Amino acid sequence: MVDKRRSVVLADVDSMYVSAERIFNVGLNRRPVVVLSNNDGCVVARSKEAKALEIGMGEPWFKVRTRPSCRDVVALSSNYELYGDFSSRLATLCGQLAPRVEPYSIDECFLEFPAGEALDAAVCARERSARWLGLPVTVGIGRTKTLAKIATNHAKDSGIGVFSIDALSRAERAELLASIPVGEVWGIGGRLSARLAAHGVTTAKALADLDPGWVRRAYTIVVERTVRELQGVSCIPLTEQPAPRRSIMHCRHLGQPATKQDEVAAAASAFAQAVSAKLRRLDLAVPAVTVMLSTGGFGTGPPHHAQATQGFPVPLNAAGQLATTAARLARGAWRPGHRYKRVGVLASDLVQARRAQSLWPDDPRHDKLAAVLDTITARHGRDLAGYGRSGIRGPSGWDWRMRQEMRTPRFTTRWDELPVVS
DNA sequence: TCTGGGGTCCTAGGACCC
DNA sequence: TCTGGGGTCCTAGGACCC
């Protein structure tokens with residue numbers, strides 16, 4: 001009898017950011033390496049050697065760097081352009097192997113196969129990724145996405161490259177699920193695991209043994225789906241065609257807190273131009289823009305948030321209009337006496353740009369100007385040219401730009417940053 | 001001194017209508 | 001004293017993911 005069932009394969013790059021950095025710098029091999037978030041704030045990726053030093057995910061770098069045990073750790077600023085490029089190479093590689101592929105995140109790809117073909121394909125994906133891209137990949141196989149996630153985590157924990165949860169007997173599978181804390185199940189975060197624990201549910205097995213109908217009434221449909229997926233019933237299908245973007249946000253901690261109205265306006269204007277560039281690249285337009293200011297929660301006193309929204313008569317994506325509007329909104333939302341640490345510009349309810357009209361429909365110079373500014377920004381960064389005073393450092397020396405002092409070159413996407421072999 | 005950024009989906013509750 | 005019901009739309013907030 002032909003087995004018509006499907007298997008989900010998850011290909012997950014080991015320490016993606018560190019692995020991408022190591023491709024161009026073999027000196028990083030076998031050393032503890034971490035990659036930092038924007039502003040060089042937190043640790044967002046760790047090599048195996050760094051994990052062994054008990055450096056936690058999300059730990060602030062300024063704390064880690066002072067530990068005696070971490071003296072020899074190499075820290076790098078994140079180079080998203082490099083990681084994004086390797087991410088799309090991995091997706092391409094997977095696409096050549098599988099009839100159906102969903103690039104899920106910057107370091108993960110779901111593939112779907114008829115059940116009998118999954119294991120060979122998984123081995124092949126791992127070999128090709130290592131040989132063709134230089135990226136180490138761990139692969140997990142299961143009947144559903146949630147089970148494939150569990151298989152991948154188990155493969156990583158036990159140091160094997162490929163693992164299929166489908167290959168286990170019923171008893172072995174129960175044993176594996178019983179060894180996994182419920183909070184490690186995909187879709188179950190800190191809040192839900194605390195609530196589940198109150199019901200006596202502390203392992204993946206206990207979650208899988210619940211009645212889905214009860215879970216739906218006691219929790220939500222999201223948790224119900226997770227329970228069914230653990231039981232082997234697929235509820236979260238592969239989505240080959242990503243759903244259209246609903247929102248685009250550009251939100252940053254400022255390199256230095258802003259206290260002046262001009263300062264928040266300058267940052268909002270600059271971020272709006274970044275949003276505009278992304279909108280135009282995706283051929284989207286936005287019917288309203290929101291600016292958010294906040295003081296951040298680590299100082300003394302409660303954090304202060306302010307936000308303001310402005311709608312447009314027709315959806316648009318022009319950099320000049322978005323920048324002017326965002327600057328005005330920021331001025332309006334600003335209140336004296338606060339140290340603003342974070343500014344965000346949000347474009348939501350996005351629509352196709354072709355269906356929208358520009359408020360400046362007849363002047364092609366605006367499109368040309370925007371294109372030129374995008375080129376300058378891409379090549380030289382945001383502080384050289386822009387609308388308003390966004391890019392220019394204030395007279396007081398205030399500088400909102402993020403710190404990124406340890407970024408490697410964008411080897412594969414910039415001609416002038418190509419690696420040189422001598 | 002120094003603590004990321006960018007998304008999605010779901011639910012509850014209020015406003016409003018007939 | 002007694003005080004509809006059902007539907008839709010919108011928003012804020014919660015929870016999760018990487």
Side-chain angles (χ1 to χ4, degrees), chain A residues 10 12-17 34-46 55-66 75-80 83-84 87 102-110 145-146 149 152-153 182-196 215-226 229 235-236 239 242-257 271 274-275 278 282 284 288 290 292 294-300 303 305 307 309 311 339 341-350 402-407:
Chain A
L10 173 62
D12 184 324
V13 182
D14 305 338
S15 309
M16 167 76 173
Y17 298 173
V34 298
V35 176
L36 306 178
S37 62
N38 283 336
N39 265 327
D40 294 338
C42 300
V43 172
V44 292
R46 305 156 293 159
I55 298 172
M57 183 70 174
E59 274 200 84
W61 172 237
F62 75 90
K63 286 185 182 171
V64 175
R65 68 194 304 178
T66 58
L76 300 168
S77 304
S78 32
N79 187 345
Y80 287 107
Y83 315 147
S87 179
E102 174 189 346
Y104 172 64
S105 73
I106 196 158
D107 66 336
E108 291 165 292
C109 231
F110 283 112
K145 281 180 165 178
T146 305
K149 273 270 187 188
T152 307
N153 291 342
V182 72
E184 284 177 22
V185 175
W186 189 44
I188 307 296
R191 302 301 183 99
L192 280 170
S193 35
R195 282 177 62 194
L196 285 162
V215 171
R216 180 168 196 160
R217 289 189 298 277
Y219 294 87
T220 64
I221 193 172
V222 184
V223 187
E224 181 200 0
R225 282 201 280 256
T226 297
E229 285 247 321
C235 297
I236 310 174
T239 47
R245 281 291 193 91
R246 320 236 338 222
S247 65
I248 286 174
M249 165 134 73
H250 194 91
C251 180
R252 290 278 187 283
H253 275 92
L254 306 176
Q256 256 181 294
F271 295 177
V275 168
K278 202 180 249 187
L282 299 171
L284 295 169
T290 299
M292 290 170 287
S294 86
T295 55
F298 289 97
T300 49
H305 302 279
Q307 75 176 57
T309 299
R339 289 162 59 80
K341 291 188 175 165
R342 209 169 131 94
V343 174
V345 174
L346 171 68
S348 48
D349 303 315
L350 303 179
M402 67 183 180
R403 285 186 306 280
Q404 242 199 352
E405 289 160 3
M406 301 164 276
R407 205 201 66 221

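All values below come from the heavy atoms of this structure, side chains included, with hydrogens, waters and symmetry mates left out. Just so we're on the same page: letters track the sequence lines, and every chain starts at 1. Keep in mind it's a predicted model, so treat the numbers as computed, not measured.
You'll find that the side chain of A:Cys42 is closest to B:dG4, out of B:dT8, B:dG4, C:dC16. Here the side chain of A:Lys149 is nearest to one of B:dG7, B:dG4, C:dC18, namely C:dC18. Considering only the side chain of A:Val44, B:dG4 comes nearest among B:dG4, B:dG7, B:dC9. The side chain of A:Ser37 lies closest to B:dG4, out of C:dC18, B:dT3, B:dG4. The side chain of A:Trp186 has C:dC18 as its nearest neighbour among C:dC18, B:dG7, C:dC16. Of the listed nucleotides (C:dA15, C:dC17, B:dC2), B:dC2 has the atom at the smallest distance from the side chain of A:Phe62.
Spacing between atom CE of A:Met16 and atom P of C:dC17 amounts to 20 Å, rounded to whole angstrom units. Going from atom CD1 of A:Ile248 over to atom C1' of B:dT8 covers 14 Å, rounded to whole Å. Between the CZ atom of A:Phe271 and the C1' atom of B:dG4 there is a distance of 12 Å, rounded to whole Å. The distance from atom CD1 of A:Ile106 to atom P of B:dG7 is 13 Å, rounded to the nearest whole Å. A:Ile55 places its CD1 atom 18 Å from the P atom of B:dT3, with the value rounded to the nearest Å. Spacing between atom CG of A:Asn39 and atom P of B:dG6 amounts to 12 Å, rounded to whole angstrom units. In this entry the distance linking CG of A:Leu196 with P of C:dA15 reads 12 Å, nearest Å. Between A:Glu108 atom CD and B:dG7 atom P the separation is 18 Å, expressed in whole Å.
At least one side-chain nitrogen or oxygen of A:Arg246 sits closer than 4.0 Å to the OP1 or OP2 atom of B:dC9. OP1 or OP2 of B:dC10 has at least one side-chain nitrogen or oxygen of A:Arg225 nearer than 4.0 Å. OP1 or OP2 of B:dG5 lies within a sub-4.0 Å distance of a side-chain N or O belonging to A:His253. The phosphate of B:dT8 (OP1 or OP2) has a side-chain N or O of A:Ser247 nearer than 4.0 angstrom. Between A:Arg342 and B:dG5, a side-chain N or O to OP1/OP2 separation shorter than 4.0 Å is present. In terms of phosphate contacts, A:His250 brings a side-chain nitrogen or oxygen within less than 4.0 Å of OP1 or OP2 of B:dG6. One finds no side-chain N or O of A:Lys145 lying less than 4.0 angstrom from the OP1 or OP2 phosphate oxygen of C:dC17. Considering only side-chain N and O atoms, A:Arg252 lies under 4.0 angstrom from the phosphate OP1 or OP2 of B:dG6.
Note on A:Ile188: only backbone sugar-phosphate atoms sit closer than 4.0 angstrom, heavy atoms only; bases stay farther off. Nucleic acid contact class of A:Gly58 (heavy atoms, under 4.0 Å, all strands): none. A:Val43 comes within 4.0 angstrom of nothing in the nucleic acid, heavy atoms only.
Checking each of A:Asp40, A:Asn38, A:Asn39 against A:Ser77 for a side chain to side chain donor-acceptor pair (under 3.5 Å) leaves exactly one that passes, namely A:Asp40. Exactly one residue among A:Ile55, A:Val34, A:Leu36 makes a side chain to side chain contact (heavy atoms under 4.5 Å, CB included) with A:Val64. That residue is A:Ile55.
A:Thr309 and A:Thr290 share a donor-acceptor pair across their side chains, judged by distance under 3.5 Å alone. When only modelled atom types and interatomic distance are considered, A:Glu108 and A:Ser105 share a side-chain donor-acceptor pair under 3.5 Å.
Both distances falling under 3.5 Å, in either a Watson-Crick or a G-U wobble arrangement, place B:dC18 opposite C:dG5.
Both A:Lys278 and A:Thr220 lie close to DNA chain B; mapped to their nearest nucleotides by heavy-atom distance, the more 5′-ward contact belongs to A:Lys278. Nearer the 5' end of DNA chain B, as judged by each residue's closest nucleotide, is the contact made by A:Leu346, out of A:Leu346 and A:Ile221.
A:Ser37 contributes a side-chain N or O that, together with a main-chain N or O of A:Cys42, makes up a donor-acceptor pair within less than 3.5 Å.
C:dG4 and B:dC16: their C1' atoms are spaced 16 Å apart (whole Å).
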side-chain contact (heavy atoms from CB on, under 4.5 Å) between A:His305 and A:Met292, intermediate numbers included: CA-CA 7 Å; A:His305 302 279; A:Met292 290 170 287; over 6 Å; no
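Ring geometry, A:Trp186 versus A:Tyr104: the interplanar angle exceeds 60°, so the pair is classed perpendicular (tilted spans 30 to 60°).
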